[in-house]
Amino acid sequence: RLIIPPAFFDRVSVRGVTNGEGGFGISAEDTLVDPNPVKAASFLLNTAGLVNLTATVRLAAPGVPAPPATGVYDTNDFIMIEASVNGGAFTPVGNFRSTGNLNFPMAQDTNGDNVGDGTVLTSALQDFTFNLPSATTLGLRVRFQSNSLGERLVADRLFVNGTAVEFSINSVSGAETGTRDFTVTRNISTGADTVNFATISGTAGSSDFVSTSSTVSFADGETTKPLSISITPDNIVELTETFTVALSNPSRGIITARPGTGTITNDDASVITLTGGTVTEGDTGAAAMSFAINLSNPVDVPVLFNRAT
């Protein structure tokens with residue numbers, strides 16, 4: 001959540017308004033009662049790596065300051081929520097207009113005809129949420145116009161919500177053959193993305209798997225991509241070994257999981273054989289006889305065995 005600093009809303013006393021967070025907000029007034037009226041409040045937000053952006057703002061239309069009277073607006077009065085993408089032009093995402101030509105309340109314009117036909121604004125602040133376009137740099141503007149009778153239009157508490165694009169990779173295990181087939185996952189399906197990967201040796205080294213680094217590409221609509229690392233088979237009896245695959249440098253968003261672990265389990269065996277020898281028996285003393293002990297496959301740890309005659 002990206003929150004506009006609360007201090008920004010300390011400009012004016014929110015007279016005639018209820019449900020405020022504290023006693024202040026930003027407000028538009030006719031110049032009859034405010035010699036320095038607010039016409040617009042603009043913000044630039046870094047929204048790189050965020051999707052499904054929405055803006056929520058609290059709005060009220062309390063009418064004239066004293067006594068509060070909400071039915072005093074005309075078609076020239078408005079509150080408009082606007083957004084821009086990466087420095088482009090501002091376009092409306094939310095619009096509030098008078099419901100009639102003179103001395104009418106303000107309401108949300110739901111069909112774009114500049115006439116209020118939705119939720120009516122009153123002296124009580126209400127939350128309104130609007131969908132925003134995706135952008136690396138999002139411009140957000142609240143624009144006011146109030147042109148007679150000291151009418152007040154008030155905004156308080158503005159924040160932007162979004163979903164961070166996240167990438168992760170799973171862990172897999174298998175015998176010392178074929179491939180370790182990982183899955184790279186992203187949590188959204190919209191737009192194209194890339195993320196780099198690289199293998200990292202652990203107890204398994206370059207003789208156990210094919211070291212690889214490259215890029216995984218997601219097309220629009222894709223949430224998973226396969227990633228296969230080739231395993232190098234041998235006939236050595238080994239302990240279970242591991243390597244990892246690390247993600248890096250996503251085109252947007254963040255890496256949310258630890259590197260994926262590839263486990264290589266032993267699939268080899270070694271048989272111990274004993275081959276005897278011969279010796280000529282003499283008339284006195286003892287003669288040594290040699291035996292050969294063999295392993296059918298190499299073993300990467302010490303081999304212990306018992307012997308007895």
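The structure presented is a predicted model; accordingly, all values stated were derived computationally and were not measured. Below, each value reflects all heavy atoms present in this structure, side chains not excepted, and no hydrogens, waters or symmetry copies.
Leu295 and Val271 fall into different hydrophobic clusters, defined by Ile, Leu, Val, Met, Phe, Trp and Tyr side-chain heavy atoms under 4.5 Å apart, directly or through other members. Residues Leu132 and Phe90 fall into different hydrophobic clusters, defined by Ile, Leu, Val, Met, Phe, Trp and Tyr side chains chained together at heavy-atom separations under 4.5 Å. No continuous path of ILVMFWY side-chain contacts below 4.5 Å connects Val115 to Phe96, so the two sit in separate hydrophobic clusters. Connection of Val279 to Phe291 is established within a shared hydrophobic cluster, with ILVMFWY side chains joined at heavy-atom distances below 4.5 Å, either directly or through further cluster members. Linking Ile, Leu, Val, Met, Phe, Trp and Tyr residues whenever their side-chain heavy atoms come within less than 4.5 Å places Phe130 and Val142 in a single cluster.
Atom CD1 of Ile81 is separated from atom OG1 of Thr91 by 12.5 Å, given to the nearest 0.5 angstrom. Leu125 CG to Ser123 OG: the interatomic distance, rounded to the nearest 0.5 Å, is 9.0 Å. Taking CG of Asn131 as the reference point, atom OG1 of Thr54 lies at 7.0 Å (rounded to 0.5 Å). We find the OG1-CG distance between Thr275 and Asn294 to be 5.5 Å, quoted to the nearest 0.5 Å. Atom CG of Asn52 sits about 6.0 Å away from atom OG1 of Thr190, to the nearest 0.5 Å. Distance check, rounded to the nearest 0.5 Å: CG of Asp109 to OG1 of Thr99 gives 11.5 Å.
Nearest heavy atom pair, residue Ala83 against residue Val93, reads CB-CG1, 4.1 Å. Annotation for Gly118 and Ala107: closest pair O-CB, 3.7 Å, computed over non-hydrogen atoms. Between Ser189 and Asp220, the shortest heavy-atom contact is O-OD1, 3.5 Å. Residues Gly253 and Pro250 share a closest heavy-atom pair of O-CG, 3.5 Å. Smallest separation of non-hydrogen atoms from Arg180 and Gly262: CG-CA, 4.4 Å. Across Leu59 and Ala155, no two heavy atoms sit closer than the pair CD2-CB, 3.8 Å.
A side-chain donor-acceptor contact under 3.5 Å links Asn187 to the backbone of Ala164. Between the side chain of Asn266 and the main chain of Glu238, a donor-acceptor pair closer than 3.5 Å is present. A donor-acceptor pair under 3.5 Å links the side-chain atoms of Asn86 to the main chain of Thr137, judged by distance alone. At distances below 3.5 Å, at least one donor-acceptor pair connects side-chain atoms of Gln126 with backbone N or O atoms of Val120. Not a single donor-acceptor pair under 3.5 Å links the side chain of Thr179 to the backbone N or O of Ser230. Counting only distance, with no hydrogens or angles, the side chain of Ser98 and the backbone of Gly100 share a donor-acceptor pair below 3.5 Å. In this structure, the side chain of Asn196 does not engage the main chain of Thr215 through any donor-acceptor pair within 3.5 Å.
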Show your working on side-chain contact (heavy atoms from CB on, under 4.5 Å) between Ser173 and Thr265 and close with a plain yes or no. CA-CA 7 Å; Ser173 178; Thr265 58; 3.9 Å; yes
Pair Met106, Asp77 - check side-chain contact (heavy atoms from CB on, under 4.5 Å), show working. CA-CA 8 Å; Met106 297 283 284; Asp77 300 325; 4.1 Å; yes
Walk me through whether Leu153 and Tyr73 qualify under side-chain contact (heavy atoms from CB on, under 4.5 Å). CA-CA 10 Å; Leu153 301 169; Tyr73 302 96; 3.6 Å; yes
Evaluate Asp208 against Glu176 for side-chain contact (heavy atoms from CB on, under 4.5 Å), listing each step before the verdict. CA-CA 8 Å; Asp208 301 299; Glu176 192 180 39; 4.2 Å; yes
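Exactly one residue among Thr119, Asn95, Asp117 makes a side chain to side chain donor-acceptor pair (under 3.5 Å) with Thr110. That residue is Asp117. When each of Leu53, Val57, Val160, Thr47 is checked for a side chain to side chain contact (heavy atoms under 4.5 Å, CB included) with Leu140, only Val160 meets the rule.
Side-chain polar atoms of Thr129 and Thr56 form a donor-acceptor pair below 3.5 angstrom. For the 3.5 Å distance criterion, the side chains of Asp181 and Ser228 qualify, holding a donor opposite an acceptor.
We find that Arg58 and Asp127 are joined by a salt bridge, their nearest charged nitrogen and carboxylate oxygen being less than 4.0 Å apart. Salt-bridge check for Arg252 with Asp193: passed, with a basic side-chain N closer than 4.0 Å to an acidic carboxylate O. Between Glu166 and Arg186 there is no salt bridge, since no side-chain N of the basic residue sits under 4.0 Å from a carboxylate O of the acidic one.
Counting side-chain heavy-atom gaps under 4.5 Å among Ile, Leu, Val, Met, Phe, Trp and Tyr, the cluster of Met80 also holds Phe78. As a member of the Ile/Leu/Val/Met/Phe/Trp/Tyr network built from side-chain separations under 4.5 Å, Ile229 groups with Val51, Val165, Phe167, Ile169, Val172, Phe182, Val184, Ile188, Val195, Phe197, Phe209, Val216, Phe218, Leu227, Ile231, Phe243, Val245, Leu247, Ile255, Ile264.
Here the side chains of Thr163 and Leu50 are not in contact, with every heavy-atom distance at 4.5 Å or above.
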